[in-house]
2 protein chains.
Amino acid sequence: MERKVVEGPVRSREKSKQKLLNAVGKILKTKGFTALKVNDIATTAGLDKKLIYNYFGGVDQLIDEYIRSQDFWSNITLENAADMPDDGGREFMRLMLLSQFDYVAKNKELQKILLWGLYESRKSLKRVADDREIAGEVLLKHISDPFFGEKALHFRALMAIIVSGIYYLDMFTAVNGKTFCGIDLTQAAGRTEIKKALESLVTMIYETQQPVKKKRTAPKKTVARP
Amino acid sequence: MERKVVEGPVRSREKSKQKLLNAVGKILKTKGFTALKVNDIATTAGLDKKLIYNYFGGVDQLIDEYIRSQDFWSNITLENAADMPDDGGREFMRLMLLSQFDYVAKNKELQKILLWGLYESRKSLKRVADDREIAGEVLLKHISDPFFGEKALHFRALMAIIVSGIYYLDMFTAVNGKTFCGIDLTQAAGRTEIKKALESLVTMIYETQQPVKKKRTAPKKTVARP
DNA sequence: AAAATAACTCACCAAATGGTGACTATAAAA
DNA sequence: TTTTATAGTCACCATTTGGTGAGTTATTTT
């Protein structure tokens, strides 16, 4: 019986690099960023630590390459923007906040990265934050800014609070957290309550924070929802 | 010239314990929780590390005692509740959120503790979180719950998002952070924008989220305090 | 098949870290 | 003053961590 037909040679620089990068991810997810030590990474990858120095120059560079290789904000997109109703992004923001709340909750890796970014100043981590800004800017600039006009900045501040609240609550729940303001975030009921609050916030904002002096242009009522 | 009149004996168990506890605080504030190592703590305190084992049993117990010794939520109180208008806590919540935003921004120690609590499951850290819940519960239960009635839980969820957003934004700013949703949090203008957003949120919530079917009943104005 | 190249391992070192037993210095009690 | 209890120091060890030179094994080239 033939084996390893598709495997290729046992020794491959690229495969080993990948193993090391994967090891970083695994350790990050399971033990957190403080556990990212040379010895541990090497043994997790099943390789000698010397290779980390040979291939990446050191642990720091390996880690940076790992972080750069990940795309954490692929979920923030304008993909189906065409389907969206012309409501100043109201429906879009609603869906985005709700999905972000679940997305971060599920994505342990992103949680660790966010946390790490709050702990340490690191170029690659800064870039993750910058990428979020870039992804968000696309939405804000083209969707909400035009709609909110002179109140565009105000809307952004509101979103800043809400989005960062989502991040914190998800991270909080993943560790020590149980209740926040009496809401049990480990229970489905609690999470539903937060989601209702998010929806409520979007409604409030879009219904009371339009720019003054401008009659609200009646948005097309074509709401398609999954 | 006499010296050290008020100092007391050179060797004092209690004073040394305090020095060690202070060293923990100092390192935590300056280098973060990952830098809390025996050797470092001892040299920072100017004492031998053996004392950490003698007096506390180990670094972990020392750290726990340090955390327990701090009161991080003294700012959440009902101190001047009597002066407060009878508005279902609207003015109170407004002031609380604004002050919390500045308080956390200034309190590096609290930031580190909050961050630590997102990183590690530790009894003493859990207690800090629980203490926040307890302090908050006093306000929620007696002020907002009666006012919002059947929407009390909804109000709590809204507050959970806002308060945790405040925490995240303050921590974010302290490290990698510059802009969030395009708001530059390192600038006074950006911070003002967030504050305006916080005020706006309170207004929106109190003006659009009252319980339905119930005419706002004027709550009794007798707020007794310990 | 032999030579050359690249992938990889291993033994080893230095520094940092956690932890302890045996000692010394000080303060209080006798 | 001497004794005694205890506060504090110091030398020392074990383990972990970061890092590297020299050698070994696999793959490719000739």
Side-chain angles (χ1 to χ4, degrees), chain A residues 2-28 30-67 116 119-120 122 124, chain B residues 2-28 30-67 116 119-120 122 124:
Chain A
E2 268 306 290
R3 286 267 212 160
K4 287 197 195 183
V5 192
V6 279
E7 293 285 349
V10 177
R11 292 181 167 195
S12 152
R13 188 188 177 101
E14 282 316 309
K15 271 189 187 170
S16 294
K17 284 181 78 172
Q18 201 50 55
K19 275 184 193 169
L20 290 167
L21 289 165
N22 293 341
V24 170
K26 188 173 176 183
I27 294 172
L28 182 62
T30 54
K31 307 191 204 168
F33 60 87
T34 58
L36 288 171
K37 324 265 181 136
V38 231
N39 297 299
D40 208 355
I41 297 171
T43 53
T44 301
L47 293 166
D48 195 275
K49 59 179 166 180
K50 184 68 187 288
L51 299 183
I52 292 172
Y53 297 96
N54 286 350
Y55 296 160
F56 300 94
V59 204
D60 273 10
Q61 290 96 314
L62 166 59
I63 289 173
D64 284 344
E65 187 158 332
Y66 168 79
I67 295 174
W116 200 353
Y119 181 79
E120 191 174 9
R122 208 181 235 264
S124 49
Chain B
E2 270 305 290
R3 286 266 212 161
K4 286 197 198 182
V5 193
V6 278
E7 293 285 348
V10 177
R11 293 184 165 194
S12 152
R13 188 187 177 99
E14 283 315 310
K15 269 190 188 169
S16 294
K17 283 181 80 172
Q18 202 50 56
K19 276 184 193 169
L20 290 167
L21 289 165
N22 293 341
V24 170
K26 188 173 176 183
I27 293 173
L28 182 62
T30 54
K31 306 191 204 169
F33 61 87
T34 59
L36 288 172
K37 325 263 180 139
V38 231
N39 296 299
D40 208 356
I41 297 172
T43 52
T44 301
L47 294 166
D48 194 276
K49 58 180 166 181
K50 185 66 188 289
L51 299 183
I52 293 172
Y53 297 96
N54 287 350
Y55 295 160
F56 300 93
V59 203
D60 272 12
Q61 290 95 314
L62 165 59
I63 290 174
D64 284 344
E65 186 157 333
Y66 168 78
I67 295 174
W116 200 354
Y119 181 79
E120 192 174 8
R122 209 180 233 267
S124 50

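Proteins come first, then strands; the chains are lettered A, B, ... in the order of their sequence lines, and each starts at number 1. The figures here come from the full heavy-atom set of this structure, side chains too, leaving out hydrogens, waters and symmetry mates.
Rounded to an integer number of Å, the gap from CG of B:N54 to P of C:dA22 is 14 Å. In this structure, A:Y53 atom OH and C:dT9 atom P are separated by 16 Å, rounded to whole Å. At whole-Å resolution of the value, NZ in B:K17 and P in D:dA7 are 10 Å apart. D:dT27 atom P lies 16 Å from atom CD of A:E14, rounded to whole Å. Between A:D60 atom CG and D:dG18 atom P the separation is 10 Å, expressed in whole Å. The nearest whole Å value for the distance from the CG atom in A:L47 to the C1' atom in D:dT25 is 14 Å. Here D:dG18 presents its C1' atom at 15 Å from CG of A:L51, a figure rounded to the nearest Å. One atom, NZ of A:K15, and another, C1' of C:dA6, lie 16 Å apart when rounded to the nearest Å.
For an aromatic pair to be called close, the ring centres must be under 6.0 Å apart, and B:Y119 with A:Y119 fails this.
The side chain of A:K50 has D:dA22 as its nearest neighbour among C:dC8, D:dA22, D:dG19. With D:dG18, C:dG18, C:dC8 as the choices, the nucleotide that has an atom nearest any side-chain atom of A:K37 turns out to be D:dG18. For B:Y55, taking side-chain heavy atoms from C-beta onward, the closest of the listed nucleotides D:dC10, D:dG18, D:dA7 is D:dA7.
A sub-4.0 Å separation between OP1 or OP2 of D:dG18 and a side-chain N or O of A:N39 is present. Distances shorter than 4.0 Å separate some side-chain N or O of A:S16 from OP1 or OP2 on C:dC8.
Inter-residue side-chain proximity for B:L62 and B:Y55 is flagged as unmet; no heavy-atom pair is nearer than 4.5 Å. Proximity of B:V59 to B:K49: side-chain heavy atoms (C-beta onward) are nowhere separated by under 4.5 Å.
You'll find a donor-acceptor pair under 3.5 Å spanning the side chain of A:K49 and the base of D:dG18, going by distance alone.
Of the two residues contacting DNA chain D, namely B:R13 and B:D48, the nearest-nucleotide position lying further toward the 5' end is that of B:R13.
The minimum heavy-atom distance linking B:A35 with B:D40 is given by the pair O-OD2, 3.7 Å.
Between the side chain of A:S12 and the backbone N or O of A:K15, at least one donor-acceptor pair lies under 3.5 Å.
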